[in-house]
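Remember, it's 1-based here, ligands and their atoms both numbered in the order they're listed.
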Amino acid sequence: MSLFDKPAHVLHDMLQKKEISSVELTEDVLARIDAVEPEIGAYLTLTKDAALAQAEAADKKIAAGGDIAFLEGIPGAIKDNICTKGVKTTCASKILDNFVPPYDATVMTKVKAESPVLLGKTNLDEFAMGGSTENSAYHVTHNPWNTKCVPGGSSGGSAAAVASGTAIWALGTDTGGSIRQPSSFCGVVGLKPTYGRVSRYGIVAYASSLDQVGPIARDVTDAANVLNVISGLDEMDSTSSPAPVPDFTKALREDVKGLKIGLPKEYFTDGMDPEVEKAVKDAIEQYRSMGAEIIEISLPHTKYAISTYYLIAPAEAATNLQRYDGVSYGARVDGADLVEMMTNTRTEKFGEEVKRRIMIGNYALSAGYYDAYYLKALKVRTLIQQDYTEAFQKVDVIMCPTAPTPAFEIGSIISDPLQMYLQDICTVPLNLAGLPGLSLPCGRSSKGLPIGLQIIGKALDEETILRAAYTYEQSQNYHNEMAKLGGEQA
Ligand code: GLN
């Protein structure tokens, strides 16, 4: 019996009943890694020996009896922009190729308190800037459903690992879609929590007013359970929310009767792949047949979301990335004096997309342009937030596609940054508004690629999103299907 293809909650029950051991489970996942990781490339660092030692330790704890924690003994993977004490954290950048954090991010402290098995660190676009993992300074990750295609990004490694069975669960980060879009492309469930729900302490900052950590999982139940583990106020992150954290698994009920679902007309326009549009509309019809009420809404400022995001995110990134100067962190390239050393380090060690964002960001923040670009973007951000506030007076959740297309081919749009940015149209607006959003599989394209439905909720109302997602998931079979890899193809 294979174990790598099962969700964490099933494996948790098997471990609790002592039907399997964590060592057996971990060995099964490590064998899967040996078999398929060469064609997927989800990981930047593998910590196999530590994983087996953690599995042995978990088995000892389990043998001692009592209830086990949700993640106890279950192998997972961590995006490589989340600080892990003693394990390299590169952000897929050459500038951090030797950076070993001396501390854990708060999410890691919380995860480790559950005694999980940690398999390693997953690939991403450099500093989480991108939507395909093609901006990784190390290698491209391949989509398990079609290895010629990207897995999405920037958390492409985490999504590809969960989708290919080389991790049971994973953590990603989402600044403008980086949990949801790769989850959509890889046919798994990804949840970006409300801004502030999860501590950002120890997450390498990209755009601090937008970044959030969240789960990438096999199904909605696993996503809810992992969210339980990582949520909550943290005194190390002044933007984390003091709001009480509910038990998110209580939201896992099949019940959408009377649920008011808003369909924003601005999301179903030209440029949307017809197969994506059909799959999403079919899912909405399914909700209607299960008793939900469908209401057309308008989010009129959606058309400004990409321009607003691509000013605010680079502006914050330009500021956050000033710290990589060859002095405090990571790599150094020598020069005749301090300025030349810093210039050489940043010129050689940052990739092209990161440099592009630093230039856009510094331009938007510079004297004379600040009011015209950055300040204007902040004002439009408020208008985008107000669109949602008004919409949520009429509806409980908003549904739309996660991405305008299924996964695209590696190399097909990487040389056209604007086209790559436009891919983010469905995901960036809710980061600007700080709202939670989830992507779950709702179809397959004619080429067999997954399509994702995005469910957006009110601030701090992840529960309604999870209930809506769970109800739909139970009416489908996508969460039980895995990509065929490693010679399994018919
Ligand atoms: N694709 C978006 C960007 O490049 C989002 C990335 C993210 O969420 N980290 O900025």
* Asked: Does Tyr103 have its ring centroid less than 6.0 Å away from the ring centroid of Tyr201?
  -> yes
* To do: Using a strict cut-off of less than 4.0 Å between a Lys/Arg side-chain nitrogen and an Asp/Glu carboxylate oxygen, indicate whether Glu266 and Lys303 qualify as a salt bridge.
  => no
* Asked: Between Arg180 and ligand 1, which residue portion shows a heavy-atom distance shorter than 4.0 Å: side chain, backbone, both, or neither?
  -> neither
* Asked: Does ligand 1 have an atom that lies less than 4.0 angstrom from a heavy atom of Glu353?
  -> no
* Run down the list Asp211, Asp424, Asn431 and name the one with the heavy atom closest to atom 1 (N) of ligand 1. => Asp424
* Arg200 and Tyr195 side chains, donor-acceptor separation under 3.5 Å -> yes
* **Under 3.5 Å: N/O of Tyr310 near N/O of ligand 1** => yes
* Structure fact -> Taking only non-hydrogen atoms of Tyr206 and a 4.0 Å limit, the atoms of ligand 1 in range are 3 (C), 9 (N), 10 (O)
* Is Thr173 close to ligand 1, meaning an N/O of one under 3.5 Å from an N/O of the other? -> no
* To do: Report, in ascending order of atom number, the atoms of ligand 1 lying under 4.0 Å from any heavy atom of Gly130.
  => 1 (N), 2 (C), 3 (C), 4 (O), 6 (C)
* Quick one: pull up CZ in Phe248 and CG in Leu466 and give me the separation to the nearest 0.5 Å. => 7.5 Å
* Nitrogen or oxygen of Gly176 less than 3.5 angstrom from that of ligand 1 -> yes
* Check whether the side chains of Ser209 and Arg381 place a donor and an acceptor atom closer than 3.5 Å, and report yes or no. => yes
* Non-hydrogen atoms of Ala313 versus ligand 1: any pair closer than 4.0 Å? -> no
* Asked: Under 4.0 Å between a Lys/Arg side-chain N and an Asp/Glu carboxylate O for Arg356 and Glu353?
  -> yes
* Structure fact -> shortest atom 5 (C) of ligand 1-to-protein heavy-atom contact is with Tyr309 OH, 3.3 Å
* Ser154: numbered ligand 1 atoms lying under 4.0 Å from its heavy atoms -> 9 (N)
* **Heavy-atom donor-acceptor pair, Glu463 side chain to Pro246 backbone, under 3.5 Å** => no
* For ligand 1, which atoms have a heavy atom of Ala128 less than 4.0 angstrom away? -> 6 (C), 7 (C), 9 (N)
* Look at atom 6 (C) of ligand 1 and say which protein heavy atom is nearest, naming residue and atom and giving the distance to 0.1 Å. => Ser178 OG, 2.8 Å
* **Lys/Arg N to Asp/Glu carboxylate O, Asp174 vs Arg180, below 4.0 Å** => yes
* Asked: Where the side chain of Thr133 meets the backbone of Thr141, is there a donor-acceptor pair that is under 3.5 Å apart?
  -> yes
* Asked: Strictly under 4.0 Å, does any heavy atom of Tyr421 approach an atom of ligand 1?
  -> no
